[in-house]
Amino acid sequence: MSLFNEICKPGKKFALLIDPNKYTIHSLIATIFTAEESRIDLILVGGSLVNDRIDSTIEVIKKNTSIPVLLFPGSLMQLSNKVDAILLLSLISGRNPDFLIGNHVLAAPYLKKSGIEIIPTGYILVGEGNSSVEYISNTKPVPEDKIEIAVATAIAGELIGNKLIYLESGSGADQSVNIDVIREVKRNIGIPLIVGGGIKSPYQIDEIIKAGADVVVVGNAVENNSEILESLVKAMR
Ligand code: 1GP
């Protein structure tokens, strides 16, 4: 089964982001149970500072659910061959060569040998700044009022061969990605659009889906309160 093909199938998808540093084993298992009950579509695993808990976290997830798991690596220290597929992220809003090709070269032999499905993904940070991604990657986000720059970046991301575009306002961001940016990017690309960062309410999900997102990613809001998951997923359907 190709996870990319699954993502391309009609219907909006809800993805839960698990940052291994934010969960204990007990909270992780409880959250997976709630995720099963809420019928989420995907689990993403990754974070800014995770290093030694990637494999063990994925093992617990795989043991407790058949929901597909996608690696969302914040760094080379987060590679794992225990997932169903890996988002090969290129930080195309930035101009740091490490996140455009350098890390890809370092990871390539491992990725090739793993035999795991690789999904090249154009990752676009949008917003007013102060996110962990911005600090760690030493890149600037696309300002949220520069819609034409976000659109041109997404088009370029598709043209150079990415299979997905991920619009990100940063984990724990005060605001999710500007709705006009989502709408215009979606209008201008032919590949699936993922949107994440700062999503906390069914209302936001409704707006983001109406603007054209194909996959919505939520992390922080569920870490603080897994009970919220059901209402967030319902807003998708
Ligand atoms: C972060 O898009 C994801 O990379 C999710 O963000 O943690 O703010 O939901 P939140």
Side-chain angles (χ1 to χ4, degrees), residues 7 12-23 27-28 31 34-35 38 40-50 54 57 61 69-75 77-78 83 86-94 99 119 121-137 139 141-142 144 150 154 157 164-179 181-182 185 192-209 211-233 235-236:
I7 292 171
K12 308 294 185 178
K13 315 280 182 306
F14 185 98
L16 171 65
L17 173 64
I18 303 275
D19 178 339
N21 281 349
K22 306 282 179 63
Y23 286 85
S27 66
L28 180 59
T31 301
T34 312
S38 308
I40 72 164
D41 303 286
L42 296 164
I43 294 175
L44 267 57
V45 180
S48 294
L49 290 175
V50 192
I54 280 284
T57 300
I61 296 170
V69 180
L70 264 167
L71 192 67
F72 176 59
S75 78
M77 294 172 81
Q78 295 173 28
V83 287
I86 297 175
L87 294 180
L88 182 60
L89 302 169
S90 296
L91 182 47
I92 58 176
S93 51
F99 294 95
I119 310 179
T121 301
Y123 188 66
I124 304 176
L125 190 58
V126 184
E128 295 314 310
N130 295 324
S131 72
S132 302
V133 185
E134 180 184 354
Y135 184 79
I136 299 276
S137 67
T139 66
V142 177
E144 68 169 352
L164 302 173
I165 294 293
Y166 192 137
L167 286 177
E168 168 77 272
S169 66
S171 192
D174 287 339
Q175 291 186 339
S176 47
V177 177
N178 179 325
I179 291 297
V181 171
I182 299 170
V185 164
L193 178 62
I194 304 177
V195 176
I199 301 169
K200 308 172 198 75
S201 71
Y203 174 77
Q204 280 173 300
I205 292 195
D206 186 48
E207 294 281 292
I208 289 167
I209 288 293
D214 299 291
V215 181
V216 173
V217 182
V218 179
N220 262 262
V222 176
E223 287 159 15
N224 302 330
N225 171 21
S226 68
E227 303 296 308
I228 199 177
L229 202 46
E230 193 181 346
S231 63
L232 294 179
V233 180
M236 309 272 307

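Read the numbers this way: they start at 1 and go in the same order the structure lists the ligands and their atoms.
- The distance from ligand 1 to the heavy atoms of Gly197 drops below 4.0 Å at these ligand atoms: 2 (O), 3 (C), 5 (C), 6 (O), 8 (O).
- At a 4.0 Å heavy-atom cut-off, ligand 1 touches Leu17 through the side chain alone.
- Looking from atom 1 (C) of ligand 1 to the surrounding protein, the closest heavy atom is Glu168 OE2, 3.2 Å.
- Annotation for ligand 1: atoms under 4.0 Å from non-hydrogen atoms of Gly172 are 7 (O), 8 (O), 10 (P).
- The backbone N or O of Asp174 sits less than 3.5 Å from a side-chain atom of Lys200, completing a donor-acceptor pair.
- Proximity of a side-chain donor or acceptor of Gln78 to a complementary backbone N or O of Gly47 within less than 3.5 Å is detected.
- For the atom pair CG of Leu89 and CD of Glu168, the computed distance is 9.5 Å after rounding to the nearest 0.5 Å.
- In terms of protein heavy-atom proximity, atom 9 (O) of ligand 1 is nearest to Gly219 N, 2.7 Å.
- Side chain of Ser38 to backbone of Thr34: a donor-acceptor contact under 3.5 angstrom is found.
- Taken from CD1 in Ile208 to CG in Leu167, the straight-line distance is 10.0 Å, to the nearest 0.5 Å.
- Taking every non-hydrogen atom of Phe72 and a distance limit under 4.0 Å, the qualifying atoms of ligand 1 come out as 4 (O).
- Residue-level proximity to ligand 1 for Lys200 is absent, since no heavy atom of it falls below 4.0 angstrom.
- Classified by interplanar angle (parallel below 30°, tilted 30° to 60°, perpendicular above 60°), the ring pair Tyr166/Phe72 is parallel.
- Of all protein heavy atoms, the one closest to atom 7 (O) of ligand 1 is Ser171 OG, 2.7 Å.
- The closest approach between any non-hydrogen atom of Ala221 and ligand 1 is not below 4.0 Å.
- Here CD of Gln175 is found 9.0 Å from CD of Gln204. Values are rounded to the nearest 0.5 Å.
- When hydrogens are left out, the protein atom nearest atom 3 (C) of ligand 1 is Tyr166 OH, 3.5 Å; that is the closest non-hydrogen contact.
- When each atom of ligand 1 is checked for a heavy atom of Val218 under 4.0 Å away, the hits are 9 (O).
- More than 12 non-hydrogen atoms from other residues, nucleotides or ligands lie less than 6.0 angstrom from CG of Asp206.
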